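The shown structure was predicted, so the numbers you read here are calculated from the model rather than taken from an experiment. For this chain, numbers begin at 1 and follow the sequence in order.
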Amino acid sequence: MKEPKILLVDDVDYSRQLLRNNIMALTNVKLLKYKTFNFFNASTAADAKALFTLHQPDIVFLDIELPDYSGLELLAQFKQQKPACFIAMVSGASTLENVTQSIKMGAATFIAKPFTGDKILAAMRLMEKQFQTQTSLGAP
């Protein structure tokens, strides 16, 4: 994978910017295998669905609470469309039920808001490990 595509889905613009800035900072200090990423932003589920279908991202940071739809339902749809997609759920409502349901439905990890650079680094390292395993197994 040359330049992974990342879809950032959050109704708060600042949260999307913070996620992107954290990921870019990790690449700048060479803490990640990938040097560049192609970012797409969505503030609603409708936009997220359209961007996911159009760009087929490799990584999705997905808020659970969106103004027009449940992030958990989007998670299920995205995993159905592209099972190998790495999805990190992000939410200020980090209840045990939300975390458990997210993982059961196929999320690779759950990041509670407010998130830190360390949490983003952990998620991105998990993504790299997952992609490396998929590549060695011959998965697309």
Cys85 and Val60 have their tightest heavy-atom pair at SG-CG2, 3.7 Å
Please give me the minimum heavy-atom distance between Arg125 and Leu31, naming the atom from each residue. NH2-O, 3.2 Å
State, to 0.1 Å, how close Gly106 and Leu75 come at their nearest heavy-atom pair, and which atoms those are. C-CD1, 4.2 Å
Any non-hydrogen side-chain atom of Met89 less than 4.5 Å from a side-chain atom of Ile64? yes
Gln56 side chain vs Phe52 backbone, donor-acceptor pair below 3.5 Å: yes
Any Lys/Arg nitrogen of Asp63 or Arg16 sitting under 4.0 Å from an Asp/Glu carboxylate oxygen of the other? no
Within this structure, what is the CD1-CD distance for the pair Ile59 and Glu128, rounded to the nearest 0.5 Å? 8.5 Å
OG (Ser15) and CZ (Arg20) are apart, to the nearest 0.5 Å, by 15.0 Å
Hey, what do you get for CG (Asp11) to CG (Asp47), rounding to the nearest 0.5 Å? 11.5 Å
For the hydrophobic clusters of this structure (ILVMFWY residues joined by side-chain heavy atoms under 4.5 Å, transitively), does one cluster hold both Ile111 and Phe37? yes
Count I, L, V, M, F, W, Y as connected when their side-chain heavy atoms are under 4.5 Å apart, and connections chain through other members. Are Phe78 and Phe61 then in the same cluster? no
From Leu51 CG over to Asn41 CG, what is the distance, rounded to the nearest 0.5 angstrom? 8.5 Å
Rounded to the nearest 0.5 angstrom, the CD-CG distance for Glu65 and Asn98 is 7.0 Å
In short, Ala84 meets Phe131 closest at the heavy-atom pair O-CE2, 4.0 Å
Cut-off 3.5 Å, side chains only: do Gln17 and Asn21 have a donor facing an acceptor? no
Hey, mind stepping through Leu121 and Leu32 against side-chain contact (heavy atoms from CB on, under 4.5 Å) and telling me if it holds? CA-CA 8 Å; Leu121 176 59; Leu32 299 176; 4.1 Å; yes
Joint cluster assignment, Leu18 & Met124, ILVMFWY side-chain distance < 4.5 Å: yes
In the single-linkage hydrophobic clustering (I, L, V, M, F, W, Y; side-chain heavy atoms under 4.5 Å), do Ile120 and Val9 co-cluster? no
Return yes if some donor-acceptor pair links the side-chain N/O of Asn38 with the main-chain N/O of Pro4 below 3.5 Å, else return no. no
Side-chain heavy-atom pair Leu8, Phe39 within 4.5 angstrom cut-off: yes
Any donor-acceptor N/O pair, Thr100 side chain to Glu97 backbone, under 3.5 Å: no
In this structure, NE2 of His55 is separated from CD1 of Ile6 (nearest 0.5 Å) by 13.5 Å
Does any part of the side chain of Met105, heavy atoms only, come nearer than 4.5 Å to the side chain of Lys79, both counted from C-beta? no
Checking side-chain contact (heavy atoms from CB on, under 4.5 Å) for the pair Lys5/Phe40: CA distance, chi angles, key distance, verdict? CA-CA 8 Å; Lys5 294 181 255 180; Phe40 303 96; 3.9 Å; yes
Please determine if Lys129 forms a cation-pi arrangement with Phe86, meaning its NZ or CZ atom is less than 6.0 Å from the six-membered ring centre and no more than 45° off the ring axis. no
Min side-chain heavy-atom separation Gln101-Phe110 under 4.5 Å: no
Which pair of non-hydrogen atoms, one from Leu7 and one from Ala42, has the smallest distance, and what is that distance? CD1-CB, 4.3 Å
Is Leu19 linked to Leu62 within one hydrophobic cluster, defined over Ile, Leu, Val, Met, Phe, Trp and Tyr using a side-chain heavy-atom separation of less than 4.5 Å? no
Are the side chain of Lys82 and the backbone of Pro57 linked by a donor-acceptor contact shorter than 3.5 Å? yes
Locate the shortest heavy-atom distance separating Ser102 from Leu72; write the atom from each residue and the value. OG-CD2, 3.3 Å
